[in-house]
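Since the structure comes first, as structure tokens, the remarks are kept for the end.
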Amino acid sequence: MALDVATVRKDFPIYEARKPFVFLDSAASSQKPRAVIDAMTAYYETSHANVHRGVYGLAEEATALYEGARARVARFVNAPQAKEILFSKNVTESLNLVAQSWGRAHLGPGDAIVLTEMEHHANIVPWQILQAQIGFEIRWIPVTPDGKLDLSDLDRLLDGAKLLSFTGVSNVLGTINPVRQLTDAAHAAGALAVVDGAQYTPHVATDVQALGADLFAFTGHKMLGPTGIGVLWGNEALLESMPPFLGGGGMIRDVRKDGFLPDELPHKFEAGTPPIAEAVGLAVACDELDRYDMGEVRAHEVAVTGYALDTLRERFAGDVVVHGPADPASRGGVLSFTFKDLHPHDVTQVLDEHGVCVRAGHHCAKPLMRCLEVGAVVRASFYIYNDEADVDALADALQRCAEFFG
Amino acid sequence: MAGLEDLYREIILDHYRNPRNRGELEAPPAHRVEGFNPLCGDEIVVYLEVGDDGRIADIKIGGQGCSISQSSASMMSAAVKGKTVAEARELTRAFKALMTIHESRLDGGGDGSGTDTPTPDPEVKLGDLEALQGVVKFPVRIKCATLSWNTLSQGLDEAAADATA
């Protein structure tokens, strides 16, 4: 059954609190359903204690909730085992973990890794930090003029490379990348395959086993969950082979003056008090997304994105230049564009005046911006609570913007 | 609520559409300084030529950005051209004070509101630049307005370091 936006919005208190509310920035962070907010409140009101420490009943209850959340998240992405789900702060921290743990252990001068030109800074800078520390080559898969990855030279780029790390869905272009093709190509070349799923998991049903990734990162706050919790999935053998990233309490089996023994998975990678309430909230976000049905979430997004592409073309013709694939089925619900010769900052300022929340800027993808030869773009992004009326409001506000700047 | 007209005053839009001192200078002898607004990706290049008499003999602006950062850069170039370095610094302080007072009031501190918070000097005449005052009602845009001035400061520092070297 197709999503009914009016019904969906009843689940989101912010639609009651703010009227009118045209929120087109879910690619940055989604709104939160009441079920998630209530679950976190209930946890704090009735069940909070630190996890994995106390032997009293309350601490055991909190631990059960936290570990239950891990199992729920594992099921959401079809991970074979709950202990392969590592909780982090966000995708950025997950990818820093990969670079500093796996990367530091396996890369050295003379080695090469492969990234793509459409990566978010979160999948660039951790590698550049490591590169500055130990030295290796970073190769880049280029982007075609229509916003897809140019895979024509993939074999040569992967030749001798130890790792391929790439985004599942571009946060600027909306491009859905051929994840399985890329993970297969990486493995054929003997490279590790890492996927940044920040924009993938909230929108496309995620099966980490079918996707063939070795490591897959995603984040809670873009998929109806709270901020402050991210995830890294990896298969057990790989995670076992990786050294710890952050050190501290909760991640050790023993500590002596001459060294430490790391704890078992997943605790080895979860130093310090973890985001407990956030895990509880994320588990409920998974419930909600499954209740809406990820197939329906995706179908709804394709429909709204298609309507937006048509509307902008019909009403503004060449004045709106949309970046990324033209076919809504091959892109996520992200629409980046430039409008006439107006700077995106000025466009979004006028849009805000008319109650339309969109994002302007480089969207943490400056190398891609340089490829596109733009300094910044306006980005509208859609989720389950957006509909055609939101797109019309966007188009109306753009019209006013054109009038204002004359 | 502040209206768009507070932000986009006519003189600002004029400087945006007809930027003054747009272009490049050969560097060296000119100083070339880049400024970035990491928030929105705006990039500005200030070319600065300081004469032996301590005056800003010429200034050119390159790069790209929004109407606020571009018009602020245009106004800045017109305001400091021909001025002494000391006068340009004084003007920079006055302009940043115009932005900072409101910045600290709006967000309860923020950056630049520490011990080195500039205080406005009533003797310094900002002229057209006061049109940018409306920007402070839109806190996110303050960095757009101050980008060219911060870049100018950096250029003046480099010019001074060169002169004493």
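A note on names: the letters A, B, ... follow the listed sequences, proteins ahead of strands, and every chain is numbered from 1.
Residues Tyr385(A) and Ser26(A) bring a donor and an acceptor atom of their side chains to less than 3.5 Å of each other. Side-chain N/O atoms of Gln31(A) and Arg9(A) include no donor and acceptor closer than 3.5 Å.
Leu95(A) has its side chain out of reach of Trp127(A): every pair of non-hydrogen atoms, C-beta onward, lies at least 4.5 Å apart. When side chains are defined from C-beta on, Arg331(A) counts as touching Leu309(A), because their heavy atoms get closer than 4.5 Å.
For Glu43(B), the part sitting under 4.5 Å from any heavy atom of chain A is the side chain, from C-beta outward, and nothing else. For a residue to count as touching a neighbouring chain, one of its non-hydrogen atoms must lie under 4.5 Å from one of that chain's; by this rule Val350(A) touches chain B with backbone and side chain alike.
Ion pairing between Arg141(B) and Asp352(A) fails under the 4.0 Å rule for side-chain N and carboxylate O.
Heavy-atom proximity under 4.5 angstrom to chain B picks out nothing from residues 140-149 of chain A.
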Atom pairs and distances, side-chain donor-acceptor, residues 395-406 of chain A, under 3.5 Å, sequence neighbours left out:
from, atom 1, to, atom 2, distance (Å)
Asp396(A), OD1, Arg315(A), NH1, 2.9
Asp396(A), OD1, Arg315(A), NH2, 3.0
Arg400(A), NH1, His354(A), NE2, 3.2

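Using a 30° and 60° split on the angle between ring planes, Trp149(B) and Phe95(B) fall in the parallel class, below 30°.
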